[in-house]
Amino acid sequence: MKGMGDIIQLLPDAIANQIAAGEVIQRPASALKELLENAIDAGAGRIQIIIKDGGKTLIQVLDDGKGMSETDARMSFERHATSKIRSAEDLFLIKTMGFRGEALASIAAVAQVEMKTRQEGREVGVELRIEGSRVISQGPVATPKGTSISVKNLFYNIPARRNFLKGNETELKHILDEFQRIALANPAVGFQLFNHDAEMYQLQAGNLRQRLVGLLGANCNQKLIPVETDSDILVISGFIGKPEFARRSRNEQFLFVNNRFIKSPYLNHAIMHAYDNLLKPDSYPLYAIFLEIDPAAIDINVHPTKQEIKFEDEKLVYQFLTVAVKHALGQFSLTPMIDFEVEGSFAPALNASPPANRQSESTPYTNWNNVRDPNQNRSQSARWQQLYEGIKDFDQSKPDTLVVESKWSTAEPEHLPQEQWQPEVGHKAPVQYLQSYLITERKDGILVIDQQAAHERILFEEYLLQLSGQDALIQQELFPRSFEFSTQEAIILRSLLPFVQGMGFDLQDFGGNTFVLQGIPGHLPQGIDPEVVFHQLLDQYRNDQHLKSGIQEKIARSLARSTSLKKGVTLHADQMQELIDKLFACNEPLWSPNGQRCFVVLSSEELQSRFAKGF
């Protein structure tokens with residue numbers, strides 16, 4: 001008998017299902033993942049997906065798998081109803097994608113679901129309609145062999161959760177991320193994906209290389225190096241990317257264990273360790289690597305998303321993976337050291353003569369790649385190197401950073417008087433150090449400027465002005481160029497097209513994943529490949545998604561990063577001076593748009609003090 005003070009009671013099934021759904025179904029992409037995994041487990045050879053409004057209005061998955069009986073169809077929507085496990089021991093021998101029996105119950109708790117399914121050999125199938133865990137109708141239906149599930153109006157009965165969903169484009173991006181992973185893990189299965197009435201993917205059944213090309217674009221094929229290692233403990237297969245094609249984002253990195261996509265910083269480090277000294281800073285190679293291991297040696301029952309795995313011997317897997325990737329790189333003669341001091345797109349033009357006259361303030365940076373042979377500045381650079389020999393306080397552990405501490409080093413921009421920033425009028429010409437830093441004198445000290453950070457700041461403010469309404473100068477191309485992007489890249493680029501065009505890129509959507517370039521910004525440095533700029537723009541933009549700044553600032557920041565002068569470019573004295581002048585005409589000359597310091601000041605008092613103390 002229930003006492004008067006009893007307050008604990010069992011939750012109704014509908015509420016319990018909604019709570020469980022919060023862990024399993026976080027957004028439309030989560031629902032699609034569960035439906036696709038069920039279709040794969042059902043032995044489907046062909047799967048069709050239809051998406052509307054980023055999955056908020058409709059997610060429909062049709063497969064040609066084995067289908068379900070009337071009883072199984074009804075049972076599939078009950079919590080913890082599964083065909084995958086029978087005992088606790090089965091949890092450690094799981095080879096299927098799903099196994100908990102929570103997916104359909106969770107989806108049905110927060111959406112309006114319609115299922116049609118038929119087993120082979122049966123004349124009719126069964127149709128089920130469920131809303132908020134409540135069965136609305138059940139009956140026979142004429143339907144093809146296999147299963148069709150429609151998930152409509154996700155979170156219709158939880159308005160607070162629905163309001164937390166992002167825009168349609170963002171939700172579609174998450175859907176495509178999940179789709180890519182499952183399609184990669186199952187190259188023998190054909191996939192077709194429609195967004196509203198537009199076909200986005202038509203993937204034929206084939207091998208892994210064909211699937212990678214189908215998902216990442218035709219130009220992916222030339223980037224791939226096969227990885228193959230077989231042992232009694234672990235089988236490793238798949239592809240890695242050639243180092244020269246590494247990009248600034250991790251969007252093309254896929255790791256699978258027993259055909260299940262996982263996220264593992266530890267194993268990612270094992271792969272990156274194999275690329276030591278082969279990658280540019282902040283660059284990430286493509287990889288799609290599959291590990292096959294005894295299910296008893298791993299535990300996948302760690303998290304509802306099943307993207308985290310515990311290994312019985314994690315260190316052994318790390319070592320195997322590193323060796324396999326190094327071996328693949330070695331087979332393709334890619335292990336020798338690569339010199340990244342000079343960016344390929346900014347390679348100095350040897351024996352180029354300096355300009356006859358100094359450029360005016362308004363001259364764009366279109367000739368900054370017409371630079372001297374680095375050997376011409378060797379003696380000058382050597383003199384500066386001798387000057388700094390023995391200075392142990394300089395932190396040169398990171399090649400991208402030169403730190404010179406001074407009394408202004410930690411000052412905030414608003415506390416730094418403008419007259420303390422700028423060089424004196426009529427001072428001697430600046431010099432370049434390590435093809436990365438500009439050093440110029442003041443009567444009270446010296447100024448050290450990071451040329452890449454400074455140029456990013458200059459371009460960032462110029463791009464913001466153009467996006468606010470100022471017309472950009474367009475230089476028409478002699479022959480139009482067409483570029484092919486992956487489906488995901490094309491979606492993002494299409495949404496950014498008005499901004500890209502506003503910055504001087506005459507880029508037109510040609511349909512599908514193809515874009516045609518007819519003109520480039522007049523200030524774009526010569527020798528820069530616009531296709532590389534677009535890829536870097538997309539990578540940087542995706543990396544900036546977490547920032548709260550508006551879309552114009554994100555675009556300006558991304559393009560400034562992509563089109564700026566990089567370390568390793570030799571500049572003439574006039575070009576150095578122009579960069580310095582333009583930097584100190586900026587609103588925020590101290591910081592790059594990515595938060596890196598553009599310059600430091602070393603006062604004459606500090607120099608004298610250091611020499612007096614013998615450093």
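Residue numbers run from 1 in the order of the sequence given.
The stretch residues 195-232 participates, sequence neighbours left out, in these ring-ring contact (aromatic ring centres under 6.0 Å, His included) pairs: F179-Y201. The list of salt bridge (charged side-chain N to carboxylate O under 4.0 Å, His left out) pairs with a residue in residues 490-501, not counting sequence neighbours, reads R494-D509.
A donor-acceptor pair is defined here as one N or O able to donate and one able to accept, closer than 3.5 Å; no such pair exists between the side chain of R118 and the backbone of G125. Between the side chain of R162 and the main chain of L154, a donor-acceptor pair closer than 3.5 Å is present. A donor-acceptor pair under 3.5 Å is absent between the side-chain atoms of T322 and the main chain of A274, judged by distance alone. The closest donor-acceptor contact from the side chain of N513 to the backbone of A490 lies at 3.5 Å or more, if one exists at all. Counting only distance, with no hydrogens or angles, the side chain of R250 and the backbone of P285 share no donor-acceptor pair below 3.5 Å. When atom types are taken as modelled, the side chain of D313 and the backbone of L316 share a donor-acceptor pair closer than 3.5 angstrom. In this structure, the side chain of N259 engages the main chain of A185 through a donor-acceptor pair within 3.5 Å. At distances below 3.5 Å, not a single donor-acceptor pair connects side-chain atoms of T57 with backbone N or O atoms of D53.
Taking CZ from R181 and CG from L36, the interatomic distance works out to 12.5 Å, rounded to the nearest 0.5 Å. We find the CZ-CG distance between F499 and L493 to be 12.5 Å, quoted to the nearest 0.5 Å. Atom CG in N186 sits 9.5 Å away from atom CD in E37 (nearest 0.5 Å). Here the straight-line distance linking atom CD1 of I225 with atom CZ of F245 works out to 9.5 Å at 0.5 Å rounding. The structure places NE2 of H273 at 11.0 Å from CG of L321, a figure rounded to the nearest 0.5 Å. L234 contributes atom CG, which lies 5.5 Å from atom CD1 of I293 (distance to the nearest 0.5 angstrom).
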* To do: For L172 and I491, run side chain to side chain contact (heavy atoms under 4.5 Å, CB included): C-alpha distance rounded to whole Å, both residues' side-chain angles, the deciding distance at 0.1 Å, then the answer.
  => CA-CA 9 Å; L172 179 61; I491 291 171; 4.2 Å; yes
* side chain to side chain contact (heavy atoms under 4.5 Å, CB included) between T117 and V126: does it pass, once the steps are laid out? -> CA-CA 6 Å; T117 184; V126 61; 3.5 Å; yes
* **Verdict with reasoning, N157 to V110, per side chain to side chain contact (heavy atoms under 4.5 Å, CB included)** => CA-CA 6 Å; N157 53 351; V110 293; 4.2 Å; yes
* Run the numbers on F515 and F534 for ring pair (Phe, Tyr, Trp, His ring centres under 6.0 Å), then give the verdict. => CA-CA 11 Å; F515 292 78; F534 296 138; 8.3 Å; no
* Go through the steps for Y275 and L329 under the test side chain to side chain contact (heavy atoms under 4.5 Å, CB included), then give the verdict. => CA-CA 8 Å; Y275 278 89; L329 290 169; 4.0 Å; yes
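Side-chain contact check for K56 and N168: at least one donor-acceptor pair (N or O, by modelled atom type) lies under 3.5 Å. Using modelled atom types and a 3.5 Å distance limit, the side chains of H269 and Y318 yield a donor-acceptor pair. Between the side chains of Q210 and Q204, no donor-acceptor pair of N or O atoms lies under 3.5 Å. Between Q488 and N251, the side chains place no donor N or O within less than 3.5 Å of an acceptor N or O (distance only, hydrogens not considered). Side chain to side chain, Q112 and N153 meet the donor-acceptor criterion of an N or O pair below 3.5 Å. For E228 and H327, the side-chain atoms include no donor-acceptor pair closer than 3.5 Å.
The shortest side-chain heavy-atom distance between M115 and S76 falls under the 4.5 Å cut-off. Looking at F320 and S231, their side chains come closer than 4.5 Å, going by heavy atoms from C-beta outward. Within the 4.5 Å cutoff, no side-chain heavy atoms of Q60 are placed close to those of I49. Counting only heavy atoms from C-beta outward, the side chains of L497 and Q501 approach each other to under 4.5 Å. Annotation: side chain of S150 is not in contact with side chain of V113 (no heavy-atom distance under 4.5 Å). Side-chain contact between F261 and F256: present, with at least one pair of heavy atoms (C-beta onward) separated by less than 4.5 Å. Within the 4.5 Å cutoff, no side-chain heavy atoms of V325 are placed close to those of Y287. Residues F485 and L538 meet the side-chain proximity criterion, which asks for heavy atoms closer than 4.5 Å.
Contact detail for K145 and G65: the closest heavy-atom pair is NZ-O, 3.0 Å. When all heavy atoms are compared, the tightest approach of L224 to C220 is CG-O, 3.4 Å. Among all heavy-atom pairs drawn from K242 and Q222, the shortest one is NZ-O, 3.1 Å. Taking each heavy atom of R46 and L203 in turn, the nearest pair found is NH1-O, 3.2 Å. Summarising the geometry of F239 relative to L212, their closest heavy-atom pair is CD1-CD1, 3.8 Å, with the distance given to 0.1 Å. For the pair I25 and F155, the tightest heavy-atom approach, listed with the atom from each and the gap, is O-CZ, 3.4 Å.
R260 and E292 are not joined by a salt bridge, as no carboxylate oxygen comes within less than 4.0 angstrom of a charged side-chain nitrogen.
In the displayed structure, Y266 atom OH is contacted under 6.0 Å by more than 12 heavy atoms of other residues, nucleotides or ligands. Within a 6.0 Å sphere centred on CD of Q202, heavy atoms belonging to other residues, nucleotides or ligands number more than 12. By the neighbour-count criterion of 12 heavy atoms within 6.0 Å, atom CG of D197 is sparsely surrounded, having that number or fewer from other residues, nucleotides or ligands.
For Q192, the side chain to side chain donor-acceptor pair (under 3.5 Å) partners are Q48, E199, not counting sequence neighbours. Partners of E127 under the salt bridge (Lys or Arg N to Asp or Glu O under 4.0 Å) rule, at least two apart in sequence or in another chain, do not exist in this structure. Every salt bridge (Lys or Arg N to Asp or Glu O under 4.0 Å) that R481 has, sequence neighbours left out, goes to D529.
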Only distances under 3.5 Å count here; give the side-chain donor-acceptor pairs of residues 66-75 to other protein atoms, sequence neighbours excluded, each with its distance to 0.1 Å.
| unit_1 | atom_1 | unit_2 | atom_2 | d |
| --- | --- | --- | --- | --- |
| S69 | OG | D72 | N | 3.2 |
| E70 | OE2 | Q138 | NE2 | 3.1 |
| R74 | NH1 | Q138 | OE1 | 2.9 |

